[in-house]
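This report refers to the structure that appears directly beneath it.
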Amino acid sequence: MIRVRQVKVHIDSNNLVKKIANKLNIKEQDIINYQIIKESIDARDKTNIFYIYEVDVEVLNEDIILNNNKSNDILKSEKIDYKIEVTGKESLTKRPIVVGSGPAGLFSAFYLAKLGYKPIIIERGEEVEKRIKSVEEFWNNNKLNVNSNVQFGEGGAGTFSDGKLNTLVKDKLGRKDEVLKIFVEFGADPSILYKNKPHIGTDVLMKIVKNMRDKIISWGGTYRFSTTLTDINIDNNKIKSIVVNDNEEIETDILILAIGHSARDTFKMLYEKNINMSPKPFALGIRIMHPQEMINMNQYGTNKLGSADYKLTYKASNNRGVYSFCMCPGGFVVNASSENNRLAINGMSYSKRDSGVANSAIVVTVNPDDYGTNPLDGIEFQRILEEKAYNIGNGNIPVQLYGDYKKNKISDKLNYNPCIKGNYNYSNINDIFPDYINESLKEAIDNFNHKIKGFNREDAVIAAIESRTSSPVRIERDELLECNIKGIYPIGEGAGYAGGITTSAIDGLKVVEIISKIYKFDKIVK
């Protein structure tokens, strides 16, 4: 196969094969087959927009073509086949336990089951079919299930998101491609394999995690839903067993902690068990909503290419970093609370991204200097602000027009449907944040107007508080991904080592690679 880069095709054309042939200086009939590896959009000139492709091509006379072409855009395709093999020598007689079924836990459990380790998956929330009912009940009637909500339940927090799969991680071992292939195998659109910014959408993600669960069970894995990790027992600096729901002990030699960034009670328990942890910088702020057509016209100059996204960064005059986060084209702002009397929000899109409203978090970086050096101080900082948000919104999502936010006054109307899942109240969002966050947000949003015209329009709707951008805690681990207690492997976003669905899933694969080199599974008890 030949890898061909920078194949440009006008968005109104359908001549990819012709363009590949021209790039290779061959006839179209000499192309036997091709596979798209990457697809992106070049909209720098909005009057002349192109798709940019990278493709693998099977051709007649491959060696001659490679020898005759001197272009850096034409080279031999080197494909990586991802594979984990069990080479460990130490017998494993107790089933490994995975705590959490978000992407890190899901993919570690998937490969453990595939290799024969028969994992037990502990999930404090409900299976996805029941979870969606609990979430909708909360959105419609404000009845919160603290163990099964937008943060907790099968699929993790990413299930109620845009399902973005893009990552900046440089992957030479094929882990990223393996994650995408598995998603496709269990229900995702094959285009995620090559789209520059692939996404799945909440509706499709729900089906995928259920399908993966069914496969894990068929391989001998066991799911325990509505089951919370409440204690761990340690013997001679090694994991001995776990306690779930305060009343059941399960013995194990391997405990994979994929707990997510919102398992605050679990972080506290681990800290009291002397698991090494440290505070970690994170970010918080608001979500801002605009008509999707405004974003489309700014980014593409057309509505032909679907719902456009954006990525914005700024350094405020107070040296705070401010950036867009989890941008949801054609999406919804959702009430993502997980604790009573505290309120947090997130963004979500369905696969079609067709709500007509774009939303994105605009967040400001904070660090231990802002909230304290104890590992749990960042959690307390989040809680204080979430309680303020709950109170000023009278239990509902606080919303405000951006113009009124700058004027420090409560809004009394909205000029367009903001597409919010959950009840909301007009509030003064200034009252939630410290001054340095309010100042940073306003300065950055005004600056972003230079990049996206209309971004700081006075009738843009903002909502608060976006506080769960990443874990405020890092659970320390060594090069074998173990923490200071042997047999405990903290992974994923909650442990502080990933930032999104794909990187969390990759971390889940990494831990199985390590376990498979240490343990064999021939004596695992049923």
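Small disclaimer: the values here were computed from a predicted structure and weren't measured.
Judged purely by atom type and a 3.5 angstrom limit, His199 has no side-chain atom pairing as donor or acceptor with the backbone of Leu165. Distance alone, capped at 3.5 Å, is enough to place a donor-acceptor pair between the Gln382 side chain and the Ser467 backbone. A distance-only check finds no donor-acceptor pair linking the side chain of Lys510 to the backbone of Leu481 [under 3.5 Å]. Judged purely by atom type and a 3.5 angstrom limit, Asn145 uses its side chain to pair as donor or acceptor with the backbone of Asn147. At least one donor-acceptor pair closer than 3.5 Å links the side chain of Lys164 to the backbone N or O of Met327. Without hydrogens or angle criteria, Asn61 side chain to Ile64 main chain gives no donor-acceptor distance under 3.5 Å. Judged by distance alone, with hydrogens and angles left aside, the side-chain atoms of Lys280 form a donor-acceptor pair with the main-chain N or O of Ser471 at under 3.5 Å. Proximity of a side-chain donor or acceptor of Asp56 to a complementary backbone N or O of Met1 within less than 3.5 Å is not detected. The main-chain N or O of Phe225 is found under 3.5 Å from a side-chain atom of Thr227 such that the two form a donor-acceptor pair. The backbone N or O of Val333 lies less than 3.5 Å from no partner atom in the side chain of Arg287, so there is not a single donor-acceptor pair.
In this structure, a donor-acceptor pair under 3.5 Å is absent between the side chains of Lys352 and Ser307. With hydrogens and angles left out, the side-chain atoms of Asp45 and Thr47 include a donor and acceptor closer than 3.5 Å. Side-chain atoms of Ser226 and Glu126 form no donor-acceptor pair, as typed in the model, at a separation below 3.5 Å. With 3.5 Å as the limit, one finds a donor-acceptor pair spanning the side chains of Arg95 and Thr222. With no hydrogens or angles considered, a side-chain donor-acceptor pair links Glu476 and Ser278 at under 3.5 Å. A donor-acceptor contact closer than 3.5 angstrom is absent between the side chains of Gln151 and Ser338. Side-chain atoms of Ser101 and Glu123 form a donor-acceptor pair, as typed in the model, at a separation below 3.5 Å.
Surrounding NZ of Lys19 are at most 12 heavy atoms belonging to other residues, nucleotides or ligands under 6.0 Å away. Within 6.0 Å of atom NZ in Lys315, 12 or fewer heavy atoms from other residues, nucleotides or ligands are found, so the atom counts as exposed in its surroundings. For CG of Asn67, the number of neighbouring non-hydrogen atoms (other residues, nucleotides, ligands) closer than 6.0 Å is greater than 12. No more than 12 heavy atoms of other residues, nucleotides or ligands sit less than 6.0 Å from atom CG of Asp81. Annotation for Glu137: atom CD counts as buried by contact number, over 12 foreign heavy atoms lying within 6.0 Å. A 6.0 Å sphere centred on CG of Asn367 holds more than 12 heavy atoms belonging to other residues, nucleotides or ligands. The environment of CG in Asn14 is sparse: at most 12 heavy-atom neighbours from other residues, nucleotides or ligands sit within 6.0 Å. Applying the 6.0 Å contact sphere to NZ of Lys176 captures no more than 12 heavy atoms from other residues, nucleotides or ligands.
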**Request:** Apply side chain to side chain donor-acceptor pair (under 3.5 Å) to the pair Thr87 and Lys520, showing each step before the final yes or no.
**Result:** CA-CA 7 Å; Thr87 58; Lys520 57 184 178 179; over 6 Å; no
**Item:** Residues Asn335, Ser337; criterion side chain to side chain donor-acceptor pair (under 3.5 Å); working and verdict
**Value:** CA-CA 6 Å; Asn335 192 331; Ser337 304; 2.7 Å; yes
**Message:** Using side chain to side chain contact (heavy atoms under 4.5 Å, CB included), reason through Leu66 and Lys76 one step at a time and then give a plain yes or no.
**Reply:** CA-CA 7 Å; Leu66 286 171; Lys76 180 76 174 177; 3.9 Å; yes
**Prompt:** What's the verdict on ring pair (Phe, Tyr, Trp, His ring centres under 6.0 Å) for Tyr34 and Tyr53, showing C-alpha distance, side-chain angles and the deciding distance?
**Reply:** CA-CA 11 Å; Tyr34 72 91; Tyr53 291 99; 8.6 Å; no
**Prompt:** Is there a side chain to side chain contact (heavy atoms under 4.5 Å, CB included) between Ser355 and Gln292 once you walk through the steps?
**Reply:** CA-CA 8 Å; Ser355 76; Gln292 182 63 54; over 6 Å; no
**Request:** Check the pair Ser504 / Asp507 against side chain to side chain contact (heavy atoms under 4.5 Å, CB included), numbers first and verdict last.
**Result:** CA-CA 5 Å; Ser504 294; Asp507 217 36; 5.6 Å; no
**Message:** One pair to check against side chain to side chain donor-acceptor pair (under 3.5 Å): Asn196 and Ser40. What are the steps and the verdict?
**Reply:** CA-CA 5 Å; Asn196 184 46; Ser40 57; 5.1 Å; no
**Request:** Tell me, with the steps shown, if Arg353 and Asp162 meet salt bridge (charged side-chain N to carboxylate O under 4.0 Å, His left out).
**Result:** CA-CA 9 Å; Arg353 288 177 163 177; Asp162 186 57; 2.4 Å; yes
**Message:** Set out, in order, the CA-CA distance, both residues' side-chain angles and the distance that settles side chain to side chain contact (heavy atoms under 4.5 Å, CB included) for Ile31 and Glu58, then state yes or no.
**Reply:** CA-CA 6 Å; Ile31 296 176; Glu58 183 181 358; over 6 Å; no
**Request:** Show your working on salt bridge (charged side-chain N to carboxylate O under 4.0 Å, His left out) between Asp12 and Lys304 and close with a plain yes or no.
**Result:** CA-CA 9 Å; Asp12 292 328; Lys304 292 180 179 180; 3.3 Å; yes
**Request:** Applying salt bridge (charged side-chain N to carboxylate O under 4.0 Å, His left out), run through Arg131 and Glu154 and close with a yes or a no.
**Result:** CA-CA 7 Å; Arg131 182 187 180 194; Glu154 185 177 21; over 6 Å; no
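With rounding to the nearest 0.5 angstrom, the OG1 atom of Thr502 is 10.5 Å from the CG atom of Asp177. For the atom pair Glu85 CD and Lys517 NZ, the distance stands at 10.5 Å (nearest 0.5 Å). Note that CE of Met206 is 12.5 Å distant from CD1 of Ile200, once rounded to the nearest 0.5 Å.
Side-chain contact between Ile465 and Ile345 is absent, with no heavy-atom pair separated by less than 4.5 Å. Under the 4.5 Å side-chain criterion, counting only non-hydrogen atoms from C-beta, Gln35 is in contact with Lys79. Annotation: side chain of Val9 is not in contact with side chain of Phe50 (no heavy-atom distance under 4.5 Å). Using a 4.5 Å heavy-atom threshold, the side chains of Leu75 and Ile2 count as separate. Annotation: side chain of Ile491 is in contact with side chain of Ser108 (closest heavy-atom distance under 4.5 Å).
Outside the 6.0 Å centre-distance limit, the rings of Phe160 and Phe332 are not counted as a close aromatic pair. Aromatic rings of Phe448 and Tyr323 (six-membered ring for Trp) have centroids beyond the 6.0 Å cut-off, not under it.
Note: His290 and Phe455 have tilted aromatic rings, judged against thresholds of 30 and 60 degrees for the angle between ring planes.
Put simply, the residue from Ile121, Ile501, Ile216 that forms a side-chain contact (heavy atoms from CB on, under 4.5 Å) with Leu106 is Ile216.
Contact check on Lys210 versus Asp214 returns a salt bridge, with a Lys/Arg side-chain nitrogen under 4.0 Å from an Asp/Glu carboxylate oxygen. Using a cutoff of 4.0 Å between basic side-chain nitrogens and carboxylate oxygens, Arg175 and Glu513 are scored as salt-bridged.
Stacking of Lys38 on the aromatic ring of Tyr194 is not recorded, the 6.0 Å distance cut-off and the 45° axial limit not both being met. Within the cation-pi definition used here (under 6.0 Å to the ring centroid, within 45° of the axis), Arg477 qualifies as a partner of Tyr497.
When all heavy atoms are compared, the tightest approach of Ala43 to Tyr300 is CB-CD2, 3.9 Å.
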